[in-house]
Amino acid sequence: MSSSKSSTSYTWVSDLSLKGTCELFSRASQIKKKIKEGGRIKSLKGRQIALLFNEPSTRTKLSFQMAAHRLGAQCLIIDDFSTSSMIKGETFLDTLWTLHSLGPDLMVVRCGGQEPLENWVSQIDLPVINGGWGAKSHPTQALLDVFTLVEHFKSLQGLKVVFVGDIDHSRVAASSIELLQIFGADVRVCAPAGFCEKRPKSVAVIETLQEALAWCDVYFGLRVQLERHEGFAEKSKTFEQFQKNFSLDQQGLNSLGKEAVILHPGPVNWGVEFQNCVEKDSRLLVRRQVENGVYVRAALMESFLEKR
């Protein structure tokens, strides 16, 4: 559990119990149904949501923004630090405190792994949602991933999920593996040597892509995060190995079970983790993941703010 003073901050997967997560999914389903039917939701009318993103983001940032608008809230967004006081030497921590002092009702923060997010959260008195913390965690991505799978499969008990890609540098893998295991899924990884050394001890390695495809019910692709690697020569060699031996192509699609599904947190590097043929495959649920990100994040913000 997080040590936050606020009982409504969400910085780690473990900040929500299994029961709490299921209740959140039920709320997200209700929000989704109402929006699909053309209904209007104003449960957060008059509320102020502050988004502070010092790492690039498309899906996460825009889905939080869309979720806030869907609920009637207003958003304050800081994501261009070339126009902020950080260009004058202000620290990221000072920027956090500045934004906090402006008095938003809830904050969403994305930052590098070196930033003191957890210590800062423990000192404040308003809800904070982790929008991605270096390579450490991305709990709302885990929520939308698992929500998407629950929608599709109903029960995840015993579901075979394989993560293929850069496990060691993926905050998505860190959080989604944890939540999938809480829901009873059997999780394994498949990657070149050097890409999966930091996986949880409870997660086994599948050596080849062919074995992974034959085994899994869910194929979860991950981007190779070159920006988090050290040593150009080493990462270039591993990247080439990944692209040659672990990219999902037409042959791989033919080997994947007909009832299996394919996930990816985005952005997809076409021609690397997925070849272009994957985009047209009916088992690919990437667009549903993006859509569900709005409903899950809306449910999370609504559940936090109705308590305040």
Side-chain angles (χ1 to χ4, degrees), residues 2 4 8-16 21 24 49-68 75-81 84 86 92-93 95-96 99-100 104 106-122 124 127-148 163 165-180 198 220-229 263-269 273 286 289-301 304:
S2 168
S4 171
T8 55
S9 287
Y10 189 49
T11 53
W12 299 99
V13 163
S14 56
D15 286 336
L16 287 179
T21 303
L24 184 76
I49 311 297
L51 276 60
L52 179 62
F53 280 54
N54 82 333
E55 286 195 334
S57 175
T58 300
R59 281 151 293 277
T60 302
K61 181 181 66 179
L62 292 181
S63 66
F64 269 115
Q65 187 177 8
M66 179 62 78
C75 274
L76 173 66
I77 304 174
I78 299 178
D79 62 354
D80 182 359
F81 286 87
S84 79
M86 287 187 71
F92 181 74
L93 185 58
T95 303
L96 283 173
L99 195 54
H100 174 270
L106 180 147
M107 292 177 64
V108 182
V109 180
R110 168 172 286 201
C111 59
Q114 75 280 2
E115 304 295 351
L117 180 60
E118 190 174 24
N119 291 339
W120 177 75
V121 168
S122 69
I124 67 171
V128 177
I129 298 175
N130 175 355
W133 186 13
K136 295 180 179 180
S137 63
H138 198 353
T140 64
Q141 180 70 44
L143 288 175
L144 72 90
D145 292 338
V146 174
F147 177 76
T148 300
F163 285 78
D166 189 1
I167 314 300
D168 284 354
H169 300 91
S170 174
R171 55 188 167 207
V172 173
S175 293
S176 293
I177 287 173
E178 181 181 357
L179 190 57
L180 282 164
K198 298 177 183 179
F220 203 122
L222 295 171
R223 180 175 67 89
V224 179
Q225 302 192 34
L226 295 178
E227 73 276 12
R228 301 193 191 278
H229 289 236
L263 300 185
H264 193 297
V268 177
N269 287 329
E273 55 264 30
V286 167
Q289 286 175 271
V290 175
E291 178 190 5
N292 283 339
V294 175
Y295 309 126
V296 168
R297 288 166 174 140
L300 190 62
M301 291 190 291
F304 286 175

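Only a predicted model underlies this, so the values are computations on that prediction, with no experimental measurement involved. Along the sequence shown, the residues carry numbers beginning at 1.
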Exactly one candidate in F53, F92, W120 meets side-chain contact (heavy atoms from CB on, under 4.5 Å) with C111; the answer is F92

Which atoms form the tightest heavy-atom contact between [X] and [Y], and what is the distance?
X	Y	answer
P104	A50	CB-CB, 3.8 Å
T60	G131	CG2-O, 3.7 Å
A135	H169	CB-O, 3.7 Å
A142	L179	O-CD2, 3.5 Å
C75	A68	SG-CB, 3.5 Å
Q289	L144	O-CD1, 3.3 Å

Drop me the distance from [X]'s [atom1] to [Y]'s [atom2], to the nearest 0.5 angstrom.
X	Y	atom1	atom2	result
D15	N130	CG	CG	9.0 Å
L143	T148	CG	OG1	10.5 Å
S57	R59	OG	CZ	7.5 Å
L52	L96	CG	CG	5.5 Å
W133	T11	CH2	OG1	7.0 Å
R110	L117	CZ	CG	12.0 Å

Applying side-chain contact (heavy atoms from CB on, under 4.5 Å), run through L180 and F163 and close with a yes or a no. CA-CA 11 Å; L180 282 164; F163 285 78; 3.7 Å; yes

Classify the side-chain pair R223/H264 by whether it contains a donor and acceptor separated by less than 3.5 Å. no

Regarding E118 and W12, do their side chains bring together a donor and an acceptor under 3.5 Å, going by distance alone? yes

Do the side chains of E55 and R171 get close enough for a salt bridge, i.e. N-O under 4.0 angstrom? yes

Any donor and acceptor pair, going by atom type alone, linking the side chain of S170 with main-chain N or O of V172 inside 3.5 Å? yes

side-chain contact (heavy atoms from CB on, under 4.5 Å) with D168: which residues, sequence neighbours excluded? D166, E197, K198

Which residues satisfy the side-chain contact (heavy atoms from CB on, under 4.5 Å) test with S63, sequence neighbours excluded? V294, R297

Beyond-backbone contact of [X] with [Y], side-chain heavy atoms, under 4.5 angstrom:
X	Y	result
P127	Y10	no
V128	V109	yes
S14	E178	yes

With side-chain contact (heavy atoms from CB on, under 4.5 Å) as the test, would you mind laying out the steps for I129 and L106 before giving the verdict? CA-CA 8 Å; I129 298 175; L106 180 147; 4.0 Å; yes

Do T140 and V296 pass the side-chain contact (heavy atoms from CB on, under 4.5 Å) test, and can you show the C-alpha distance, the side-chain angles, and the key distance before you say yes or no? CA-CA 8 Å; T140 64; V296 168; 5.8 Å; no

I would like to know whether L300 and L16 meet side-chain contact (heavy atoms from CB on, under 4.5 Å); could you show each step before the answer? CA-CA 10 Å; L300 190 62; L16 287 179; 4.2 Å; yes

